[in-house]
Amino acid sequence: MDLREQIKQTLQENQKDKGFGDTFERFTTFTGIKRLVKWFYGDKDCGCERRKDLWNKWFPYNDKEASCQEEKK
């Protein structure tokens, strides 16, 4: 899969980011950094998924609409 297909696929998914980790992953995909890291590491685990999950946990995005609805209940 080339970079254009990755970008197209990411845009079509239309998911909301859970936190900074998702945003950073999207950035590295668009800039080609993720593809370069995958090429460098090959089949070895580079820690990207673990880092993304950790950053999402540390820096979550709050959904304002959901929090407002919870307050009304």
- [ ] Measure the CZ-NZ distance between R26 and K52 for me, rounded to the nearest 0.5 Å.
- [x] 10.5 Å

Open item on the list: As an exercise, state the distance from CG of D53 to CD of E25, rounded to the nearest 0.5 Å.
Closed with: 9.5 Å

Open item on the list: I need the F27 CZ to D22 CG distance, nearest 0.5 Å.
Closed with: 15.0 Å

Task: Distance in Å, T31 OG1 paired with L36 CG, rounded so as to fall on 0.5 Å steps - done: 9.5 Å

- [ ] To the nearest 0.5 angstrom, please state how far the OG1 atom of T28 sits from the NZ atom of K38.
- [x] 9.5 Å

Open item on the list: Using a 3.5 Å distance criterion without hydrogens, assess whether the side chain of N56 forms a donor-acceptor pair with backbone atoms of K18.
Closed with: no

Task: Parallel, tilted or perpendicular: ring planes of W55 versus F24, cut at 30 and 60 degrees - done: perpendicular

TODO: Look up atom OH in Y41 and atom CH2 in W39, then write down how far apart they are to the nearest 0.5 Å.
DONE: 12.5 Å

Task: F20 side chain reached by W58 side chain, heavy atoms, under 4.5 Å - done: no

